[in-house]
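Note sheet for the following structure.
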2 protein chains.
Amino acid sequence: MDTVDAEIKRAKPLKKNGQIFGTGETFKSLYAVRSGAFKTYSIDESGEEHIVGFFLPGELIGLDAIDTQSHPTTAKALEESTLCEIPFDQVERLSTKIHNLQAHMYRLLSREIREDQELQMLLGKKTAEERIGTFLLNLSNRCKQRKLSATLFRLPMARTDIANYLGLAVETVSRIFTRLQSQNILAVDGKEVEILDHHQLCIVAHNDCVNEG
Amino acid sequence: MDTVDAEIKRAKPLKKNGQIFGTGETFKSLYAVRSGAFKTYSIDESGEEHIVGFFLPGELIGLDAIDTQSHPTTAKALEESTLCEIPFDQVERLSTKIHNLQAHMYRLLSREIREDQELQMLLGKKTAEERIGTFLLNLSNRCKQRKLSATLFRLPMARTDIANYLGLAVETVSRIFTRLQSQNILAVDGKEVEILDHHQLCIVAHNDCVNEG
DNA sequence: CGGATGGTTGATAGTCATCAAGATGGGTGG
DNA sequence: CCACCCATCTTGATGACTATCAACCATCCG
């Protein structure tokens with residue numbers, strides 16, 4: 001077990017734009033975010049970047065690579081970050097011994113499916129304002145889970161990344177931030193965001209206002 | 001093992017619109033489609049249906065419920081169908097014994113994540129024509145995997161379902177079917193579809209034309 | 001200081017949703 | 001067997017939302 005611990009707990013530091021893995025690379029490990037933030041994206045034939053996920057501390061990157069044993073996306077740090085590499089063969093081996101770990105893995109995978117499906121709904125049927133609102137509420141919840149402020153937090157990603165992720169133009173994202181600010185729902189200062197009227201934001205986002213945490 | 005087999009292999013018949021499980025129901029089993037087709041959807045606060053997936057024979061329904069132990073979606077038959085109920089506790093128990101089954105489950109879950117992410121890209125960044133094109137190519141591939149014709153197949157779902165799933169209006173779906181038909185890329189007759197020009201369809205869909213099977 | 005990167009704001013146009021109406025088709029009952 | 005009816009699908013006209021193009025502003029960093 002000592003070797004396993006040593007193997008798993010080694011923390012890697014990455015600077016901004018540092019890459020964990022690239023599209024097409026062989027899958028060997030999962031990566032748990034310790035600090036900072038990451039994005040995963042794929043590149044289409046015209047060279048455009050398509051962001052499929054953002055990852056905050058405590059979250060696991062690479063679950064989409066288990067099937068093909070090859071990473072379908074590229075993962076890059078949005079800022080100075082650290083992470084833990086978790087060799088997957090060890091997960092598989094330990095899972096057979098520690099029943100709890102297996103159940104935990106199933107839940108993690110299932111959760112990602114559910115969250116991706118929620119994003120599908122977002123992208124397919126919601127207006128720009130609803131997308132931004134939902135996005136902010138989502139981030140707020142994830143901060144809360146990390147015992148951070150759910151009302152005042154920092155967006156680790158650029159506006160272009162948000163736009164890309166939500167299927168919008170940068171200009172639209174910018175405009176809606178200003179609009180929500182003028183309605184006193186948000187206070188935005190660069191990457192710093194404060195949710196002033198959580199209830200109203202839920203209404204704008206057309207989300208249940210329940211604390212989903 | 002005999003009891004297990006008996007438990008797992010029992011095939012359930014469902015008629016059109018028959019429901020496997022409803023949103024919020026306790027998760028107990030996964031369901032493998034034997035024949036027919038299914039859709040899974042959630043209902044938003046205004047009562048609108050949001051389709052998140054279609055399932056063909058050989059595919060597994062319910063993976064998104066493992067995490068919360070409660071189904072986030074409702075699953076209904078699109079036509080007369082049969083399926084196998086697979087109690088999940090048995091999957092978990094057997095997984096610890098049969099290493100291969102565990103690996104298989106991980107792959108299935110991972111694959112669903114990857115496919116959902118592909119759909120995200122579709123919904124976020126593609127035009128109506130690209131969405132329909134990609135959708136048809138996807139169905140074509142799934143038919144092929146089932147050793148059926150990849151060029152001539154039947155859409156088990158209604159136009160409204162396709163529109164809902166792709167984040168479009170029914171009218172748009174209809175119009176694009178007609179357009180693709182007039183360009184001799186498709187031959188559409190109700191739910192029957194024939195892909196006349198696979199290459200051109202790939203171009204329209206902005207997809208790599210490789211056979212992803 | 002000056003260039004570069006990222007963000008905001010304004011004007012215009014395109015894609016697709018919406019509204020409205022007509023066509024098709026499958027199922028049922030006379 | 002045919003007629004009718006309801007659901008589904010198609011087609012057309014209009015408008016809304018948001019992308020795009022263009023310019024300007026802010027911030028950072030060498």
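- Of the candidates B:Lys15, B:Arg154, B:Lys39, B:Arg154 is the only one forming a salt bridge (Lys or Arg N to Asp or Glu O under 4.0 Å) with B:Glu79.
- Note: NZ (A:Lys125) to P (C:dC16) measures 16 Å, nearest angstrom.
- Comparing atom distances between the A:Thr127 side chain and each of C:dC16, D:dT18, D:dT10 picks out D:dT18 as nearest.
- C:dG6 atom C1' lies 12 Å from atom CD1 of A:Ile162, rounded to whole Å.
- Note: A:Phe88 and B:Tyr106 meet the aromatic proximity criterion, with ring centroids under 6.0 Å apart.
- No hydrogens or angles were tested; on distance alone, nothing pairs the side chain of A:Arg179 with the base of C:dT9 as donor and acceptor under 3.5 Å.
- Counting to the nearest Å, the P atom of C:dG7 and the CZ atom of A:Phe177 are 10 Å from each other.
- For A:Thr178, a side-chain nitrogen or oxygen approaches OP1 or OP2 of C:dT9 to under 4.0 Å.
- Counting only distance, with no hydrogens or angles, the side chain of B:Ser81 and the backbone of B:Leu14 share no donor-acceptor pair below 3.5 Å.
- One finds a side-chain N or O of A:Lys191 lying less than 4.0 angstrom from the OP1 or OP2 phosphate oxygen of C:dG7.
- Heavy-atom contacts from other residues, nucleotides or ligands closer than 6.0 Å to NZ of B:Lys28 number 12 or fewer.
- Listed nucleotides D:dC9, D:dA22, C:dA17 differ in distance to A:Glu171; the shortest reach to its side chain belongs to D:dA22.
- Residue-level contact check: B:Lys126 touches neither bases nor backbone, having no heavy atom under 4.0 Å from any strand.
- Rounded to an integer number of Å, the gap from A:Arg175 CZ to D:dA19 P is 9 Å.
- Rounded to whole Å, atom C1' of D:dT10 lies 15 Å from atom CG of B:Leu180.
- Taking side-chain N and O atoms only, A:Arg159 has a distance below 4.0 Å to OP1 or OP2 of C:dT8.
- Counting only heavy atoms from C-beta on, A:Ala128 has its side chain closest to D:dT18 among D:dT18, D:dC9, C:dT9.
- When rounded to the nearest whole Å, the span between CD of A:Gln181 and P of C:dG7 equals 15 Å.
- With rounding to whole Å, A:Glu79 atom CD is found 17 Å from D:dC28 atom C1'.
- Base engagement by B:Ala169 is indicated by at least one non-hydrogen atom pair under 4.0 Å involving a base atom.
- A:Asn164 places its CG atom 12 Å from the P atom of D:dT20, with the value rounded to the nearest Å.
- At C:dA17, one or more side-chain N or O atoms of B:Thr172 fall inside 4.0 Å of OP1 or OP2 (strictly under the cut-off).
- Checking A:Thr73 against A:Ser42 by side-chain atom types alone, no donor-acceptor pair falls below 3.5 Å.
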